[in-house]
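Within every chain, numbering begins at 1; the chains are lettered A, B, ... in the order of the sequence lines, protein sequences first and strands thereafter.
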Amino acid sequence: MKIRFGYVAMSVELKNASPSKTITVKSYSRLADRDPGAALDKVRRVASENLDNTMRLLRHNKASGVEVYRFSSKIMPLATHPLLSEWDYINDLSEKFLLIGNFVKKNNFRVTFHPDHYTLINSPREEVLRSSLIDLEHHCRILEAMGLSSRAKLVTHVGGGYGDKTGSMERFLINWRLVPSNITGRLSLENDDKTFTAVEVLSICKILSIPMVFDIHHFNCNNEGEKIEIILPLIFTTWEGSGLPPKVHISSPRSKEDFRSHHDFVNADDLYPFLKQARELNRDIDVMVEAKKKDLAMFKLVKELAGYPMITQKGNSTLLFN
DNA sequence: ACCTGTCAAGTCTGG
DNA sequence: CCAGACTTGACAGGT
């Protein structure tokens, strides 16, 4: 069994390479009042730098053998803000999008976006649903501009509970019909730490025939005593036909008191039992490390796990479990 | 150079 | 009904 590791958005090792630089609405408006052209130029410049830094990160990944990476959702500053509705960032930056996409394809990287938690497909409020669809479309269009197939996924949560979880799950399914097919073809769902458990998310994924990302830490925060060995085979099945190995998120609690927050690093003991379970199913998997120390935490975790029974390290960010 | 309050967005809780 | 927490990196304005 092969286990590839990846990290989120920015690197601790590669300096001054933020892919998430932005401009506040306040300063944009102030500049736009005086000189609209200059304001747009500034946004363009920041967006362009974010793409350049994303490219640098991908080269850093290649040099370090990292094949799994999540793009920053803040890669295009204010892109979906009404103030910038005229800005055609896709055409504006098409060359840089293609450069990134070609590099991803050439090196067989697995890349994703994780639209942030304001994106809520199951919201009962029409305007929230509408802006969520705009945000999802925005992420999709970027992946399309990169020339990446639907194997480049969007990962999101089911949404809010709104005081009625069953009704909110049903509303997710109802609202799903309003989601355009280029988006539904890329979406995968992840269990969250407060509201929707792995079993609940799995039931939705099965109905919609979409893949499910299993977040181990969220499972530890939010479960009803289900056994991993029972649900894991079912979760892994949702990836069949996608052309991708199942995807798993791992992080460790910051502390006993602050259990839900993410620690700087990942405790290898929080992942190893899971890997042993996964090994029973004999499937390759990709593991996304969600720790404050980003790639540094990922490399450290891989190195530590390499010392565990039956595991051998292959490069800086891949393990073999035999 | 460094520090601190603030930031587009939604939801939930507690007052 | 409203303020603040949630969570995060980075801006923006101050020293």
Would you jot down, in residue-number order, the residues of [range] having a non-hydrogen atom under 4.0 Å from DNA chain B?
{"range": "residues 31-52 of chain A", "result": "none"}
{"range": "residues 73-85 of chain A", "result": "A/L78, A/T80, A/H81"}
{"range": "residues 153-162 of chain A", "result": "A/G160, A/G161, A/Y162"}
{"range": "residues 111-129 of chain A", "result": "A/D116, A/Y118, A/L120, A/S123, A/R125, A/V128"}

Does a nitrogen or oxygen in the side chain of [X] sit under 4.0 Å from OP1 or OP2 of [N]?
{"X": "A/S27", "N": "C/dC11", "result": "no"}
{"X": "A/S18", "N": "C/dA10", "result": "yes"}
{"X": "A/S261", "N": "C/dT7", "result": "yes"}

With a 4.0 Å cut-off on heavy atoms, is [X] in touch with a base, just the backbone sugar-phosphate, or nothing at all?
{"X": "A/R130", "answer": "nothing"}
{"X": "A/K194", "answer": "nothing"}
{"X": "A/T22", "answer": "sugar-phosphate"}
{"X": "A/S132", "answer": "nothing"}

Cation-pi between [X] and [Y]: NZ/CZ under 6.0 Å from ring centre and within 45° of the ring axis?
{"X": "A/R59", "Y": "A/F103", "answer": "yes"}
{"X": "A/R279", "Y": "A/F274", "answer": "no"}
{"X": "A/K294", "Y": "A/Y7", "answer": "no"}
{"X": "A/R110", "Y": "A/W239", "answer": "yes"}

[X]-[Y] aromatic ring centre distance below 6.0 Å:
{"X": "A/F219", "Y": "A/F214", "value": "yes"}
{"X": "A/Y89", "Y": "A/H138", "value": "yes"}
{"X": "A/H157", "Y": "A/F172", "value": "no"}

* Taking only heavy atoms on the protein side, list every residue of residues 289-300 of chain A lying under 4.0 Å from any atom of DNA chain C, sorted numerically. => A/K292, A/K294
Distance check, [atom1] atoms only: [N] and [M], in whole angstrom units.
{"N": "B/dG10", "M": "C/dC11", "atom1": "C1'", "result": "22 Å"}
{"N": "B/dC12", "M": "C/dG9", "atom1": "C1'", "result": "24 Å"}
{"N": "B/dC7", "M": "C/dA3", "atom1": "P", "result": "14 Å"}
{"N": "C/dA10", "M": "B/dT11", "atom1": "C1'", "result": "24 Å"}
{"N": "C/dT8", "M": "B/dC2", "atom1": "P", "result": "25 Å"}

* Between P of C/dG9 and CZ of A/F71, the distance in whole Å -> 19 Å
* Structure fact -> Separation of C/dT8 atom P from A/H262 atom NE2, nearest Å, is 6 Å
Under 3.5 Å side-chain donor-acceptor pair for [X] and [Y]:
{"X": "A/Y308", "Y": "A/D269", "answer": "yes"}
{"X": "A/T24", "Y": "A/S27", "answer": "yes"}
{"X": "A/H60", "Y": "A/D295", "answer": "yes"}
{"X": "A/E137", "Y": "A/N182", "answer": "yes"}

* **Minimum side-chain heavy-atom gap A/F97-A/L51 below 4.5 Å** => yes
* Give the C-alpha distance, both sets of side-chain angles, the deciding distance and a yes or no for side chain to side chain contact (heavy atoms under 4.5 Å, CB included) between A/T318 and A/I3. => CA-CA 6 Å; A/T318 304; A/I3 309 151; over 6 Å; no
* Relative to the 5' end of DNA chain C, which residue comes earlier, A/R254 or A/R30, by the nucleotide with the nearest heavy atom? -> A/R254
* Which value, rounded to the nearest 0.5 Å, describes the distance between A/H262 atom NE2 and A/I250 atom CD1? -> 9.5 Å
* Asked: Where does DNA chain B pair, written as one dot-bracket string 5' to 3', with Watson-Crick or G-U pairs under 3.5 Å, ( ) inside the strand, [ ] for crossing pairs and | for another strand?
  -> |||||||..||||||
